[in-house]
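No experiment lies behind these values; they were computed from the predicted model shown.
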Amino acid sequence: MRRSRWPPPNADTRYALGSVLNHVVLHQSVIGLEAVAQLAAVEPDGADVVFGCAGGGSNLAGLAFPFLREKIHGRSNPKVIAAEPAACPSITQGEYRYDHGDVAGLTPLLKMHTLGMDFVPDPIHAGGLRYHGMAPALSHTVELGLVEGIAVGQHDAFSAGVLFARTQGIVPAPESTHAIAAAAAHVADDPSEQVVVIGLSGHGQLDLPAYAEFLDGNF
C-alpha cells in the first residue's frame, strides 16, 4: 500500500499537542456555540447525534461541548461520537492514565486517553489525527459516558469523502472524512428520522493528490 509520508511525525506531534490543551478546546467551542444556536432556529429539540473527527481532541470538543451543555441542562439529549483513525485509536484502544504530551517527555503529565508517548502511528493522509493522546477534558467526558469513540479506517474514510464530494459539492479534508464515514455508518444502521450534526473541519483542496491515490486504488 502506497501512502504519503507528509506531514512528518514531528509536525503531527506539534500540531496535536496544541489541540489537547484546555485553552485550545475552549477557543474551538465557538464552533459548537454557533452550531447549537443555528440548529435551534430550525430544530427546537436540538441534535440527536453529533459526529466529529478526533486526533488531539480540540476540534471534536469545540463542536461537542456546547451540545453536551444542552444535554447536561436537560434541554436536549444528543449522542456524541468521536471518530478517530483506526491507525491511531487513543480513545477506543488507549489507556486512561497520566502521560507526556510530547515524544521527548518534556511536557507536564496529562491525564488522558493515550497509546503511549512512544507510539508511532502509520503515516496516514489524515496527518492532523496522528497523535498518541486525547485532550484531558475530552478524555474526561469519555470516562463520564458523555462521548463515545469509534475507530475509522483510512479506506472507509476516503470512500465517505468521495461520496460527500459527489453529493454535496464539497471536497472534505481527510480528517473530516472520518466523521462523515462514522455518520454514514450510523444512518445506515439506523435509518429512522433523526437530526445528525457532522463537524466538517476543513476542505480537502490541498489533499487532492491523496484522493487521486485513493481513486487509483493505491490504498
Side-chain angles (χ1 to χ4, degrees), residues 3 5 7-26 28-29 32 49-65 67-68 79-158 160 173-183 185-186 199 201:
R3 287 180 289 194
R5 298 195 65 85
N10 286 342
D12 295 342
T13 300
R14 290 193 298 268
Y15 171 86
L17 176 58
S19 72
V20 306
L21 302 177
N22 287 335
H23 70 275
V24 181
V25 171
L26 178 63
Q28 293 280 66
S29 66
V49 195
V50 178
F51 292 90
C53 60
S58 66
N59 187 285
L60 183 278
L63 170 66
F65 279 11
F67 283 96
L68 291 181
K79 183 177 182 180
V80 176
I81 306 296
E84 62 182 5
C88 200
S90 58
I91 292 178
T92 56
Q93 295 188 33
E95 299 178 331
Y96 186 53
R97 61 177 175 84
Y98 284 97
D99 194 12
H100 290 285
D102 65 327
V103 296
L106 298 177
T107 63
L109 289 170
L110 305 169
K111 192 169 187 182
M112 58 184 179
H113 285 270
T114 178
L115 295 164
M117 57 179 281
D118 56 349
F119 177 79
V120 180
D122 288 339
I124 60 172
H125 286 292
L129 303 186
R130 295 175 64 233
Y131 183 63
H132 67 272
M134 196 60 62
L138 179 58
S139 294
H140 184 57
T141 62
V142 173
E143 290 300 301
L144 293 176
L146 296 172
V147 175
E148 175 185 338
I150 183 172
V152 178
Q154 179 169 242
H155 190 277
D156 290 340
F158 269 90
E175 289 80 6
S176 303
T177 61
H178 289 72
I180 296 169
H186 169 79
S201 57

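The salt bridge (charged side-chain N to carboxylate O under 4.0 Å, His left out) analysis of residues 133-151, with sequence neighbours excluded, yields the pairs K79-E148. Sorted by first and then second residue, the salt bridge (charged side-chain N to carboxylate O under 4.0 Å, His left out) pairs involving residues 87-96 (not counting sequence neighbours) are E95-R97.
Take S90 and apply the side chain to side chain donor-acceptor pair (under 3.5 Å) test, not counting sequence neighbours, and it matches no residue. Applying the side-chain contact (heavy atoms from CB on, under 4.5 Å) criterion to L109, with sequence neighbours excluded, gives Y98, H100. When the side chain to side chain donor-acceptor pair (under 3.5 Å) test is applied to S201, the partners found at least two apart in sequence or on another chain are S176. Residues passing the ring pair (Phe, Tyr, Trp, His ring centres under 6.0 Å) test with F158, sequence neighbours excluded: H125, Y211, F214, F219. Applying the side-chain contact (heavy atoms from CB on, under 4.5 Å) criterion to F119, with sequence neighbours excluded, gives C88, L115, P121, H132. Every side chain to side chain donor-acceptor pair (under 3.5 Å) that H186 has, sequence neighbours left out, goes to Q194. Here A86 pairs with A151 under the side-chain contact (heavy atoms from CB on, under 4.5 Å) rule; sequence neighbours left out. In this structure H113 satisfies the ring pair (Phe, Tyr, Trp, His ring centres under 6.0 Å) test together with Y96, sequence neighbours excluded. Residues forming a side chain to side chain donor-acceptor pair (under 3.5 Å) with S139 (at least two apart in sequence, or on another chain): none. Under the side-chain contact (heavy atoms from CB on, under 4.5 Å) criterion, L68 pairs with F65, K71, V80, T141, L146, V147, not counting sequence neighbours.
Of all heavy-atom pairs spanning L63 and G52, the tightest one is CD2-CA, 4.4 Å. The minimum heavy-atom distance linking C53 with E175 is given by the pair CB-O, 3.1 Å. When every heavy atom of T177 is checked against every heavy atom of A157, the shortest pair comes out as CB-O, 3.0 Å.
Considering only heavy atoms from C-beta on, T92 comes within 4.5 Å of E84 through its side chain. Two residues are said to be in side-chain contact when any heavy atoms from C-beta on lie closer than 4.5 Å; L110 and D99 fail this criterion. Looking only at side-chain heavy atoms (C-beta outward), P85 and R130 stay at 4.5 Å or farther from each other.
Here I150 contributes atom CD1 and I91 contributes atom CD1; the two are 11.0 Å apart, rounded to the nearest 0.5 Å. L60 contributes atom CG, which lies 13.0 Å from atom NE2 of H178 (distance to the nearest 0.5 angstrom).
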Inset, instruction - Please step through side chain to side chain contact (heavy atoms under 4.5 Å, CB included) for the pair D118 and V103, ending with a clear verdict. - result: CA-CA 6 Å; D118 56 349; V103 296; over 6 Å; no
